[in-house]
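Remarks on the structure that follows.
Numbered from 1 within each chain, the chains take letters A, B, ... in sequence-line order. Quick caveat: nothing in here was measured; it's all calculated off a predicted structure.
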Amino acid sequence: MVRTRFAPSPTGYLHIGGVRTALFNWLYARRHGGRFVLRIDDTDAERNVAEALAPILDGFRWLGIDWDEGAEVGGDFGPYYQSERQDRYRAAAQALVDRGRAYWDYATTEEIQAERETAQREGVRFLYSRSFMAETDEDRRRFEAEGRAGVIRLMIPRVGTCVVRDLVRGPVEFEWSREQDHVVQRADGTCLYHLASVVDDHDMEITHVIRAEEHLSNTPRQMFIAEGLGYDPPDYAHLPFVAEPGGRNKLSKRKLEQYLKNPDFAQIAEHGRAIAEAIGHETAAETFNPVIVDFYRTVGYLPDAILNYLVLLGWSLDDRTEIFDRAAMIESFTLDRVNKAAASFDPRKLLAFQERYMQAIPLDAKVERVLPFLRDAGLLAAEPDAATRAYVAKIVTAAGDRIKVAGDILDYPDFFVADDALAYDAKAFDKRIRNAEGAADRLRRFREILEGVEPFEAAALEARLQRFVEDEGIKIGQIIHALRVAVTGKGVGFGMFETLEILGRERCLARIDRALGRL
RNA sequence: GUCCCCAUCGUCUAGUCUGGCCUAGGACACCACCCUUUCAAGGUGGCGACACGGGUUCAAAUCCCGUUGGGGACGCCA
């Protein structure tokens, strides 16, 4: 049975690169009817693990990447928090010593550092001299009598090679003599990541370790640990990096502000920021940024769109298929079609997927997505009644593809504000009404006509306006722009006649009066 | 510095293993035109890449060698 895992540290946020790695693990498990484990790489030192973990778990849940075992759901191979497994690691470290694969070492950090510097000065490769290695219990007692604290180091072979058979890259060869005698247990008795990771993967019966490329060069030591412990090592697959927008470097949470300098990235960020501010959401760069998954949830992206974009970052099925729903993804995902080169994150393309997915969902689903934004922006009551929903549905229909993310509904606040609170775009008002020759008079005349149009619906309104245009001997542009600004306050919007119908006669008349009154 | 990985349009990629079907295909972005009451959407078209240099071969994006460039790893971090 295939078992994969993703092991996040509780950092307080879920970033796009992590999701991509988790997604590939999840897909591989689902593809093979296996299990996907969410293990938590926390440490004892971390205080508020639950708090720092919540955004990560919420992010996965929102994306629909579910885990069969691990944090909050438990399972038969727990505990799933590394902080609760130190005893296991210590036992493993001791077993390594017992099997002659590791040794107690009593060098101080300063002594190691001195050796390292000497090697560097002489231009040779640093390899620990093992001068403070304890070969017997008596050695240990002697060192400890000197007041030294012992660590456990791996007894890495100094000859030969290690071959990592990577499912993405094929065989990769490393010389053992390049590896250090890595510490696996600290002087304070706690154990380090590489040991913990190997022990956990074994205990949790992980069959495929699918992780980012940065771990490729860590793999020999992990294989050494696994073999030393008598484990059957898992299969490894090292994924290419998700690189920063417009660059080749690994995506980093520390460079969020720098990414904002990339024009495409900035545009996406700005679009989201406007929505977030309208609903009173925090928009500091560290927490609100297109590299962080929460950004997309806040702004109203669709999880499936994000997954679809992400599955294509470093993987493809063929030369043309690009729309994958969950089932299609699971069905077609294979590790042998994972790319080797880093793929840079392009939020622009993500938006393109979002648009396609948004166009595809049914009206009522769209309305449901949009409602919370109207509520959070204070434009609608918390519990909209059926009439209100129907009203919103009309707006959503009329807006059509203009609503790319759910939060885009906030581009149309004018349908929700009182007539006397309507804000006018000053530039549009001047251009279309104040300074347009004869516009105000035409508007005044058409207002009178509007009083009698029956029914007050798009088709009838359009027919009547066409007649007005003919009667006046003008072009449609000479009335419609002024009309738009008068009733919506803006120079741009969706179909004029739908707009009038949705607003209704009373409000249209009131708004035209108000606009004319501003002259 | 040492080791490892990678290299096709600005970006994501197909093609590379199994050389010829590749005058290199698709998508995003961009540009133009069409549609049009504005803004979107949609339609049509365009721009645009095999990093470089040597081989091997009748034939190289594809195989080999080298160069260059980029990235990653080298912790008592994870």
Side-chain angles (χ1 to χ4, degrees), chain A residues 7-9 11 41-43 45 82 105 107-109 112-113 116 120 123-126 149-153 164 166 168-170 172-175 177-180 182-194 196-197 212-220 238 240-241 243 245-250 263-264 309 312-323 336-337 339-353 355 359 399-404 408 411 428 432 462 465 469 475-481 483-485 488 490-497 499:
Chain A
S9 297
T11 52
D41 274 10
D42 61 342
T43 65
Q82 287 199 332
D105 181 66
T108 61
T109 343
I112 292 287
Q113 188 54 30
R116 188 172 275 132
Q120 194 152 27
V124 299
R125 190 165 66 244
F126 165 67
V151 301
I152 295 179
R153 286 183 183 276
V164 177
D166 190 275
V168 171
R169 278 148 225 280
V172 183
E173 212 169 282
F174 295 88
E175 281 181 51
S177 61
R178 306 274 165 187
E179 283 289 311
Q180 300 298 327
H182 304 281
V183 172
V184 292
Q185 182 178 307
R186 296 185 183 92
D188 68 3
T190 59
C191 293
L192 272 345
Y193 169 76
H194 292 295
S197 182
E213 183 190 348
E214 62 186 290
H215 288 286
L216 180 57
S217 46
N218 297 331
T219 308
H238 288 93
F241 286 108
R248 284 268 83 101
N249 293 352
K250 182 180 145 189
D264 284 348
Y309 170 73
L312 261 8
L313 247 201
W315 176 87
S316 65
L317 175 64
D318 54 31
D319 61 340
R320 54 195 65 253
T321 315
E322 51 175 28
I323 296 299
D336 62 356
R337 288 200 60 88
N339 281 119
K340 296 186 185 74
S344 98
F345 174 59
D346 179 5
R348 222 30 222 260
K349 187 149 186 173
L350 203 181
L351 216 212
F353 277 100
E355 290 178 33
Q359 286 171 359
D401 298 335
R402 294 169 185 81
I403 298 178
K404 301 178 193 308
D408 284 336
D411 284 343
R432 299 303 190 184
E462 178 164 14
L465 185 116
V469 164
K475 292 190 168 178
I476 194 166
Q478 290 178 276
I479 176 64
I480 209 160
H481 298 304
L483 188 57
R484 180 185 300 284
V485 173
T488 68
K490 298 201 190 81
V492 299
F494 43 78
M496 188 70 261
F497 308 106
T499 299

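Of the C1' atoms belonging to B:A61 and B:G15, the separation is 8 Å, rounded to the nearest Å. With both ends at atom P, the span from B:C77 to B:C17 equals 45 Å, rounded to whole Å. Comparing B:A40 with B:C52, their C1' atoms are spaced 45 Å from each other, to the whole Å. Across the P atoms, B:U67 and B:C3 are found 12 Å apart, a figure rounded to whole Å. Comparing the same atom, P, in B:G69 and in B:A59 gives a spacing of 32 Å after rounding to whole Å. Taking the C1' atom of each, B:C39 and B:G48 are spaced 29 Å apart, rounded to whole Å. Rounded to the nearest Å, the gap between the P atom of B:C9 and that of B:C50 is 7 Å. Straight-line distance between the C1' atoms of B:A49 and B:C12: roughly 13 Å, to the nearest whole Å.
A distance of 13.5 Å separates OG of A:S217 from CZ of A:R178, quoted to the nearest 0.5 Å. To the nearest 0.5 Å, atom CZ of residue A:R484 and atom OG1 of residue A:T499 are 5.5 Å apart. The structure places CD of A:Q185 at 12.5 Å from CZ of A:R153, a figure rounded to the nearest 0.5 Å. Rounded to the nearest 0.5 angstrom, A:L192 CG and A:H182 NE2 are separated by 10.5 Å. Put simply, CZ on A:F497 and CD1 on A:I480 are 4.0 Å apart, with the number rounded to the nearest 0.5 Å. Here NZ of A:K340 is found 14.5 Å from NE2 of A:H238. Values are rounded to the nearest 0.5 Å.
Counting any heavy atom pair closer than 4.0 Å across all strands shown, A:E175 reaches no nucleic acid atom. Using a 4.0 Å heavy-atom cutoff across all strands shown, A:H215 reaches at least one base atom of the nucleic acid. As judged by a 4.0 angstrom heavy-atom cut-off over every strand, A:D264 is placed among residues making no nucleic acid contact. Within the 4.0 angstrom heavy-atom criterion, base atoms lie near A:H194. Residue-level contact check: A:V151 touches the bases, meaning some heavy atom is under 4.0 Å from a base atom. Contacts of A:A341 with the nucleic acid, taken as non-hydrogen atoms under 4.0 Å apart, involve only primed sugar atoms and P, OP1 or OP2. Residue A:F174 is in sugar-phosphate contact alone, with no base atom involved, counting any heavy-atom pair closer than 4.0 Å across all strands shown.
A:D319 places its CG atom 11 Å from the P atom of B:G25, with the value rounded to the nearest Å. When rounded to the nearest whole Å, the span between CZ of A:R116 and C1' of B:G1 equals 14 Å. Atom CG of A:D166 and atom P of B:C4 are 15 Å apart (whole Å). Here the C1' atom of nucleotide B:C28 and the CG atom of A:L350 are 11 Å apart, to the nearest Å. Atoms CD (A:Q180) and P (B:C4) sit 15 Å apart, rounded to a whole Å. Taking atom OH on A:Y193 and atom P on B:C76, their separation rounds to 16 Å, with Å as the unit. The distance from atom CG of A:L317 to atom C1' of B:G25 is 15 Å, rounded to the nearest whole Å. As a whole-Å value, the separation of A:R178 CZ from B:C4 C1' is 11 Å.
Across every strand in view, B:C3 sits in a pair with B:G72 that passes the Watson-Crick or G-U test at under 3.5 angstrom. Taking a pair to require two hydrogen-bonding distances under 3.5 Å in either a Watson-Crick or a G-U wobble arrangement, B:U56 remains unpaired. Pairing of B:A24, defined by two Watson-Crick or G-U wobble distances under 3.5 Å, is not identified with any nucleotide. In this structure, B:U44 forms a base pair with B:A32, meeting either the Watson-Crick or the G-U wobble geometry with both donor-acceptor distances under 3.5 Å. As the counterpart of B:U37, no nucleotide is assigned, since no Watson-Crick or G-U wobble pattern has both distances under 3.5 Å. The nucleotide B:U67 finds its pairing partner in B:A51, both defining distances of the Watson-Crick or G-U wobble pair being shorter than 3.5 Å.
Place A:L216 and A:W315 on RNA chain B by their nearest nucleotides, and A:L216 ends up nearer the 5' end. Summary of the strand contacts: A:T109 and A:F353 both lie near RNA chain B, and taking for each the nucleotide with the nearest heavy atom, the more 5' one is attributed to A:F353.
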A correct 5'-to-3' footprint of nucleotides 31-42 of chain B, with B, S and - meaning base, sugar-phosphate only and no protein heavy atom under 4.0 Å, is ------BBBBS-
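At B:C77, one or more side-chain N or O atoms of A:R186 fall inside 4.0 Å of OP1 or OP2 (strictly under the cut-off). Distances shorter than 4.0 Å separate none of the side-chain N or O atoms of A:N218 from OP1 or OP2 on B:A73. Of the side-chain N and O atoms in A:R169, none sit less than 4.0 angstrom from OP1 or OP2 of B:C17. Contact annotation: A:R248 side-chain N/O to B:G69 OP1/OP2 distance is not under 4.0 Å. Listed pair A:R337 / B:G15 meets the phosphate criterion, a side-chain N or O lying under 4.0 Å from OP1 or OP2. Taking only side-chain nitrogens and oxygens, A:N339 comes nearer than 4.0 Å to OP1 or OP2 of B:A14. A:S217 has no side-chain polar atom (N or O) that falls below the 4.0 Å cut-off from OP1 or OP2 of B:G72.
Here the side chain of A:F241 is nearest to one of B:G71, B:C77, B:A14, namely B:G71. Among B:C28, B:A78, B:C6, the nucleotide with an atom closest to any side-chain atom of A:S9 is B:A78. Of the listed nucleotides (B:A27, B:C6, B:G71), B:A27 has the atom at the smallest distance from the side chain of A:K349.
More than 12 heavy atoms of other residues, nucleotides or ligands shown are found within 6.0 angstrom of CD on A:Q113.
Counting only distance, with no hydrogens or angles, the side chain of A:E355 and the backbone of A:A352 share no donor-acceptor pair below 3.5 Å. Within the 3.5 Å criterion, the main-chain N or O of A:L351 finds no donor-acceptor partner in the side chain of A:Y309.
Residues A:F174 and A:T219 have side chains not in contact (no heavy-atom distance under 4.5 Å, counting atoms from C-beta outward). Between A:K349 and A:L312, every side-chain heavy-atom pair lies at or beyond the 4.5 Å cut-off.
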